[in-house]
Each structure stands twice: as structure tokens, then as C-alpha cells.
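Single-structure report; data block below.
Just so you know, residue 1 is the first one in the sequence shown, and it goes up from there. Predicted, not measured: the structure shown is a model, and the values here were computed from it. When reading the values below, keep in mind they use all heavy atoms of this one structure, side chains included, and skip hydrogens, waters and symmetry mates. Indexing begins at 1, ligand by ligand and atom by atom, following the structure's order.
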Amino acid sequence: MVEVLDTTRLYMGVGIPAGDIWYDGARLPHFDAIVPRIGPSVTACGTAVLRQFQARGAWLVNPPEGITASRDKLHAHQLLARHRIAMPATAFASSPEDTDNLIALAGGVPLVVKLLESRQGRGVVLAETPAAAASVISAFRGLKADSLVQRFLAEAGGCDIRCLVVDGRVVAAMRRRAAAGEFRSNLHQGGSAEPVRLTRTERETATRAARTFRMGLAGVDLLRAADGPKVLEVNSSPGLRGIETATGRNIAGALFDMIERRLRPTPARRRLHKT
Ligand SMILES: Nc1ncnc2c1ncn2[C@@H]1O[C@H](COP(=O)(O)OP(=O)(O)O)[C@@H](O)[C@H]1O
Ligand SMILES: [Mg+2]
């Protein structure tokens, strides 16, 4: 049986006898598996609830640590770099005194300035001159929003590739193309989608990126650079409808197959594990 629960309506007790997880005055039953679908505005509350489910012995498709790390672009790129996964050259500085050094470190202009918590392309700006880059960086700072700078990969041609990874395999992939006059390929910025065939390196890069965050379900975004695929981000609650429509693949089916595989140990053995 599948149940959909509103993350923000769950409440829980911690360190009290009537702990556990509650919804509208009722204690929730045991769930074997949880598929987190946590909106970016409720990451803290959503991951807290996940930790509580985890403590009760539920299997999580995506773990709270991976979700949190993936939502901070700097943290995510640091983790990917540690696992030697290719990405566009990326740099970060917090002091305004270092803006010139920062731009030089990222390889100079043109470069992309991104809010660490950007999504749907909304906090991503292309700066073609050092002066433009410096003023965007300083504007974000003035708004108390952290940002990073990144080499602009013009050769991607306004396209990126969304790979849907389920249980360590790419089950669907689509190319998103930016609208005319736009470099961001996000569908929310008017981009369009079509199915695409991946190279072996692209498949491996996408599955390694998902594994870095220990995600059973991930939307991994790649840019096609001259020297191979570069990871832009890893999404823990990827939309399914758009990519299912574009590719004709049954991703929800693959997701349920994974859960069944993971919970396959016979009921008797599962009881043993719990005690
Ligand atoms: N370094 C880059 N070079 C070229 N295009 C980029 C680069 N970074 C981002 N883009 C484009 O901008 C889009 C949005 O960037 P992304 O990092 O995914 O931010 P968001 O999380 O807001 O979607 C990408 O899908 C891609 O099309
Ligand atoms: Mg994106």
C-alpha cells in the first residue's frame, strides 16, 4: 500500500515516551520504504522527518544527508570534486576583497554566477565582462545571498542533459534546449525537451554522481563539454512527468521495482533484523 503524506503536516516527539511520528492526531504505522519528495523550501523540516522514519527502521530511497548536501551548490560541487567527478571549474569567496581573485580563479569571463540555492534557473546569471561579473557578485552579496562563480561552457550550446538514475542505472535521459536568446535550458525558462542517447562516459558520470549522494532516485544534470560530460547538479526530487512524456519510459515503475528489490528479504528475516 502506498500513502502520500504532507511533509509539513507531520509532527514528532523526540526523547519523550510518546515520540514517533504523528499526523493529525494519529500515530503513523510502520512504513517499509519512504520516497522523499521534499520541496526546496522545506528541506530542514523534511530531512528531520526522514531521520525519524529512518530511526524507526524504514528504508529511505534518498538519505537526508544526500538531500541536504545536494541543495547547496557549493557543498554539492565539493563532494563531487572529492569523488573526482568532472564539473565546470567552480570557485567561491565570501569577502568582497577577493572578487577579482575569484574571477581569475574561475578562469576569467565569460562566467556564470549562481546563487547557492538557485533552482529552476532563477538565480543563474551569465556575465560576459569582469565588470558585469563583479557587479552581479556584489549585488547578490548585498542581498545576503551566497553565490559561486563557474566557467561558462559555451560549447554546451544552451543544452543540458537530465539523466534519471534509479538504483544505480540511468533509466531515462532527455536533452533540454534553451529558448532562443537564453543560455539556461531549464523548462521553467522556456526550454524544450527531447530524448537523447547517452555515451558510456555520460552514463557512468551520472550514476557515479547519484552514488556520491547515496541517492536511489536522482535527476543528474550534465553539460556536454569538449572534453566530456560535466555535472551541474544532482536533484533528489526530480520531476517524473516531463521526462516520462519526453522519453516514454516508465520511471515510477522502475522506482517501485527498486523498492521491491530492496525489501525482498523474506518477512521472517526482516523481523530478525528489526530486533
Ligand atoms: N557553467 C555553465 N556553462 C553553461 N551553461 C550553464 C552553466 N551553468 C548553468 N548553465 C545553464 O543554466 C541552467 C541552470 O543552471 P543550474 O546550475 O542547473 O541552476 P538551477 O539549479 O537554478 O537549475 C543549466 O541547466 C544550464 O543550461
Ligand atoms: Mg538546474
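If you chain together hydrophobic residues whose side chains sit under 4.5 Å apart, I34 and L10 fall into the same group.
Comparing heavy-atom distances from atom 9 (C) of ligand 1 across R71, K114, E182, H77 singles out K114 as nearest. Closest heavy-atom approach to atom 22 (O) of ligand 1 among the candidates P110, A76, S118, C159: S118. Looking at V231, V113, V124, it is V124 that brings a heavy atom closest to atom 15 (O) of ligand 1. Taking each of D160, N235, L223 in turn, the one with a heavy atom nearest to atom 25 (O) of ligand 1 proves to be D160.
With a 4.5 Å cut-off on side-chain heavy atoms, D146 and L74 do not count as touching. Side-chain contact between Q150 and L232 is present, with heavy atoms from C-beta onward closer than 4.5 Å. With contacts defined as side-chain heavy-atom distances shorter than 4.5 Å, the pair R141/P96 qualifies. Between I243 and R162, the closest side-chain pair of non-hydrogen atoms falls below 4.5 Å. When side chains are defined from C-beta on, V170 does not count as touching L164, because their heavy atoms never get closer than 4.5 Å. Two residues are said to be in side-chain contact when any heavy atoms from C-beta on lie closer than 4.5 Å; L115 and F140 meet this criterion.
When only interatomic distances are considered, the shortest N/O to N/O separation between V112 and ligand 1 does not fall below 3.5 Å. Ligand 1 has no N or O atom lying under 3.5 Å from any N or O atom of D221, backbone or side chain. Between G158 and ligand 1, no pair of N/O atoms sits closer than 3.5 Å. Checking only distances, E233 does come within under 3.5 Å of ligand 1, N or O to N or O.
For E233, the nearest N, O or S atom to the Mg ion (ligand 2) falls under 2.8 Å.
Note on ligand 1: G121 sits in its first shell, one or more heavy atoms being nearer than 4.0 Å.
Among protein heavy atoms, atom 24 (C) of ligand 1 sits closest to L232 CD1, 3.5 Å. The closest protein non-hydrogen atom to atom 12 (O) of ligand 1 is R184 CG, 3.5 Å. Among all protein heavy atoms, the one lying closest to atom 11 (C) of ligand 1 is F183 O, 3.8 Å. In this structure, atom 1 (N) of ligand 1 lies nearest to the protein heavy atom R151 O, 2.8 Å. Closest to atom 14 (C) of ligand 1, if we only count protein heavy atoms, is N186 OD1, 3.2 Å.
In this structure, a donor-acceptor pair under 3.5 Å is absent between the side chains of R37 and S237. Using modelled atom types, one finds no donor on one side chain facing an acceptor on the other under 3.5 Å when comparing S185 with R175.
Close approach to S185 involves these atoms of ligand 1, each under 4.0 Å from a residue heavy atom: 25 (O), 26 (C), 27 (O). With ligand atoms numbered from 1 in the order given, ligand 1 contributes 1 (N), 8 (N) to contacts under 4.0 Å with heavy atoms of Q150. Here is the list of ligand 1 atoms found below 4.0 Å of a heavy atom in L153: 2 (C), 3 (N), 4 (C).
We find that E65 and R214 are not joined by a salt bridge, their nearest charged nitrogen and carboxylate oxygen being 4.0 Å or further apart. Salt bridge present: R200 and E204 bring a charged side-chain N and a carboxylate O closer than 4.0 Å.
Here K73 has side-chain heavy atoms under 4.0 Å from ligand 1, and that is the only part of it that gets that close.
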- [ ] Any chance you could lay out the ring-ring contact (aromatic ring centres under 6.0 Å, His included) test for Y23 and Y11, step after step, and finish with the verdict?
- [x] CA-CA 6 Å; Y23 181 85; Y11 58 102; 8.3 Å; no
